[in-house]
Colleague: 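Quick one: the structure is below, and I'll ask about it shortly.
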Amino acid sequence: MSPRITPLTDPAHGAHSRRLAWLASDADSSPVGTAFLRLFDGGQEHLAELTLHVHPVERRKGVASRLLDVAVAAARDNARRCVSTQAEAGSPGDRFLSARGFRKVLTLRFARLPLADVDTTAVAEIIARPHPGYRLASWPGTVPDDLARTFAASRRALDDMPMEDTDYGTVAWDVDRVQAAAKAVEQRGDQLHTVVAIDTSNGSIAGFTELVVPGSGKGDAQHYGTGVLPEHRGHGLGLWMKAESIRQAHGRYPDLGGLLTDTADSNTHMRHISDSLGYVPTHTTLQYQLVL
């Protein structure tokens, strides 16, 4: 029997996106799968991001196909140009997406730094290296008002990051958007920590790196964006900022297990930084897109 698909009301709307949701259930009204479709704006109005899960026992019964059909139809109804989703390499999801016409557009390499294994002396040496014309600064949560405008401007450092064939668009960042992003992390109970490199000649932010720590201070933290503006590259700022982020996490969160990062396979520079800091590869995820 075909699963019943029920639209859900999803409260997880952000300042620059909204999310549609569906529940798949069997003849006994037991949940067997879910699908979420996030619709973006602010430079990504063409994109819908799909998250689809089916209980392992219920796979190969048409549940994923029904959920996918509903989500793709909703993406078309909302004038989206493509649907993006991820699957771990070699997983059932990987094979399913390939069979349903999705095209692999990006390979993401995931790695983890166990904080218990951090060489604090080596990290301190990296931080202590002189970087003439620059200084480090950091803050928890939302960016301070006096740095908000230059921090928003620094987000264009991510505009040219290697994304292989992904039709990602260009996110339009302003002060409201960076404040809303920090607020979203706070509202879900996590803690955002940002380290920046500041150009001492004019006080502007030349680069940044972000780390999100679970509210409990336990488990693993997740690196978000790391970027250096093109005009400031070649000075080792990425490594410098990331080392400082590690130092702070190690010192402030004694119960934290590790730091997680994901990097495009083609982003050899950032992968080299992670390797040099002791991050250990864990798995590979593939980004797929379906052109509508």
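Here the structure is a predicted model, which means the values were calculated and not measured.
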Colleague: So which heavy atom on Leu108 is nearest to which on Ala264, and how close?
Modeller: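 Answer, listing the atom of Leu108 first, then Ala264: CD2-N, 3.7 Å.
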
Colleague: Can you tell me how far the CG atom of Leu8 sits from the CG atom of Leu20, to the nearest 0.5 Å?
Modeller: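 Rounded to the nearest 0.5 Å, the CG-CG separation comes to 10.5 Å.
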
Colleague: Mind checking whether His232 and Tyr134 have ring centres under 6.0 Å apart?
Modeller: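 Judged by ring-centre distance (under 6.0 Å), His232 and Tyr134 do meet the cut-off.
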
Colleague: Checking Asn202 side chain against Ser204 main chain: does a donor-acceptor pair fall under 3.5 Å?
Modeller: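 Side chain of Asn202 to backbone of Ser204: a pair is present.
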
Colleague: Do Tyr279 and Thr261 have side chains that get closer than 4.5 Å, going by heavy atoms?
Modeller: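 Yes; the side chains approach each other to less than 4.5 Å.
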
Colleague: Donor-acceptor pair, Asp26 side chain versus Ser30 backbone, under 3.5 Å?
Modeller: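 Side chain of Asp26 to backbone of Ser30: a pair is present.
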
Colleague: Would Arg233 and Asp160 pass as an ion pair if we require N to O under 4.0 Å?
Modeller: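 Result for this pair is yes, salt bridge flagged.
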
Colleague: Would you call Arg66-Glu58 a salt bridge at under 4.0 Å N-O?
Modeller: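 No, no charged N to carboxylate O under 4.0 Å.
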
Colleague: Any salt bridge linking Arg109 with Asp262? Criterion: basic side-chain nitrogen under 4.0 Å from a carboxylate oxygen.
Modeller: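 Answer for the salt bridge query: no.
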
Colleague: Counting distance only, does the side-chain N/O of His235 pair as donor-acceptor with the main-chain N or O of Leu237 below 3.5 Å?
Modeller: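 Judged by distance alone, no pair lies under 3.5 Å.
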
Colleague: Do Ser17 and Arg38 have side-chain atoms, one donor and one acceptor, less than 3.5 Å apart?
Modeller: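 On atom types as modelled, these side chains qualify, holding a pair under 3.5 Å.
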
Colleague: Are any non-hydrogen side-chain atoms of Thr85 and Phe102 less than 4.5 angstrom apart?
Modeller: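 Contact flag for Thr85/Phe102 side chains = yes.
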
Colleague: Above 12 or not: heavy atoms from other molecules or residues under 6.0 Å from CZ of Arg188?
Modeller: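 Enclosed.
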
Colleague: Identify all side-chain donor-acceptor contacts of residues 117-132 below 3.5 Å with residues at least two apart in sequence or on another chain.
Modeller:
from: Asp119; atom 1: OD1; to: Thr121; atom 2: N; distance (Å): 3.2
from: Asp119; atom 1: OD1; to: Ala122; atom 2: N; distance (Å): 3.1
from: His131; atom 1: ND1; to: Arg129; atom 2: O; distance (Å): 2.8

Colleague: Taking the side chain as C-beta and beyond, is there a heavy-atom pair between Tyr288 and Phe96 under 4.5 Å?
Modeller: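 No - every pair of side-chain heavy atoms lies 4.5 Å or more apart.
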
Colleague: For the side chain of Arg177 and the backbone of Val175, is there at least one donor-acceptor N/O pair under 3.5 Å apart?
Modeller: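 Here the side-chain-to-backbone pair does not exist.
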
Colleague: Can you name the closest pair of heavy atoms from Pro7 and Ile5 and give their distance?
Modeller: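 For Pro7 versus Ile5, the nearest heavy atoms are CD-O, 3.9 Å.
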
Colleague: Any salt bridge linking Glu231 with Arg156? Criterion: basic side-chain nitrogen under 4.0 Å from a carboxylate oxygen.
Modeller: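 Looking at Arg156 together with Glu231, the answer is yes, because their closest N to O distance falls below 4.0 Å.
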
Colleague: What distance do Leu286 atom CG and Leu97 atom CG have between them, rounded to the nearest 0.5 Å?
Modeller: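 Reported value, rounded in 0.5 Å steps: 9.0 Å.
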
Colleague: How about Val195 and Trp139: do any of their side-chain heavy atoms sit closer than 4.5 Å?
Modeller: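 Val195 vs Trp139: side chains apart.
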
Colleague: Would you say that Glu210 contacts Thr226 through its side chain, given a criterion of any heavy-atom pair below 4.5 Å between the two side chains?
Modeller: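 A side-chain contact is absent here, since even the closest heavy-atom pair is not under 4.5 Å.
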
Colleague: Under 3.5 Å, side chain of Thr34 to main-chain N/O of Leu23, donor-acceptor pair present?
Modeller: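 Checking the backbone N and O of Leu23 against the side chain of Thr34, no donor-acceptor pair under 3.5 Å is found.
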
Colleague: Identify whether the distance between the nearest side-chain nitrogen and carboxylate oxygen of Arg271 and Asp265 falls below 4.0 Å.
Modeller: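 Answer for the salt bridge query: yes.
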
Colleague: By the salt bridge (charged side-chain N to carboxylate O under 4.0 Å, His left out) test, which pairs, at least two apart or in different chains, include something from residues 85-100?
Modeller: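 Counting only pairs at least two positions apart or across chains, the salt bridge (charged side-chain N to carboxylate O under 4.0 Å, His left out) contacts touching residues 85-100 are Asp69-Arg100.
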
Colleague: So do Leu239 and Ser276 actually touch side chain to side chain, heavy atoms under 4.5 Å?
Modeller: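 Sidechains of Leu239 and Ser276: in contact.
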
Colleague: How far does CG of Asp255 sit from CG of Leu115, to the nearest 0.5 angstrom?
Modeller: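 The distance works out to 11.0 Å.
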
Colleague: With no hydrogens and no angle check, is any side-chain donor or acceptor of Ser245 less than 3.5 Å from a backbone partner on Lys242?
Modeller: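 No, the answer is negative, given that no donor and acceptor are paired below the 3.5 Å cut-off.
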
Colleague: Using only atom types and a distance under 3.5 Å, with no angle test, would you say the side chain of Asn78 pairs donor to acceptor with the backbone of Arg80?
Modeller: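 Absent.
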
Colleague: For Tyr253, give me all partners under side-chain hydrogen bond (donor to acceptor under 3.5 Å, both in side chains), at least two apart in sequence or on another chain.
Modeller: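 Counting only residues at least two positions away or on another chain, Tyr253 forms a side-chain hydrogen bond (donor to acceptor under 3.5 Å, both in side chains) with Gln191, His193.
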
Colleague: Among Leu292, Leu68, Leu47, which residue satisfies the side chain to side chain contact (heavy atoms under 4.5 Å, CB included) criterion with Val83?
Modeller: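 With Val83 as partner, side chain to side chain contact (heavy atoms under 4.5 Å, CB included) holds for just one option, Leu292.
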
Colleague: Just so I know, are the side chains of Ile246 and Leu113 near enough to count as touching, which here means a heavy-atom distance under 4.5 Å?
Modeller: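 The answer is yes; the side chains approach within 4.5 Å.
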
Colleague: If we ignore hydrogens and angles and just use 3.5 Å, is the side chain of Thr200 paired with the main-chain N or O of Gly133 as donor and acceptor?
Modeller: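 Between the backbone of Gly133 and the side chain of Thr200 there is a qualifying donor-acceptor contact (under 3.5 Å).
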
Colleague: So, Asp220 side chain and Gly258 main chain: donor-acceptor pair closer than 3.5 Å or not?
Modeller: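 Pair found, side chain donor or acceptor close to backbone of Gly258.
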
Colleague: Is the closest side-chain donor-acceptor distance between Ser84 and Gln287 under 3.5 Å?
Modeller: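 Ser84 vs Gln287: donor-acceptor pair found between side chains.
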
Colleague: Give me the ring orientation class for Phe110 and His283: parallel if the planes are under 30° apart, tilted from 30 to 60°, perpendicular past 60°.
Modeller: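 Phe110 vs His283 ring planes: parallel.
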
Colleague: In the structure I gave you, are the side-chain heavy atoms of Thr194 and Thr209 within less than 4.5 Å of one another anywhere?
Modeller: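 SC-SC contact between Thr194 and Thr209 ruled out.
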
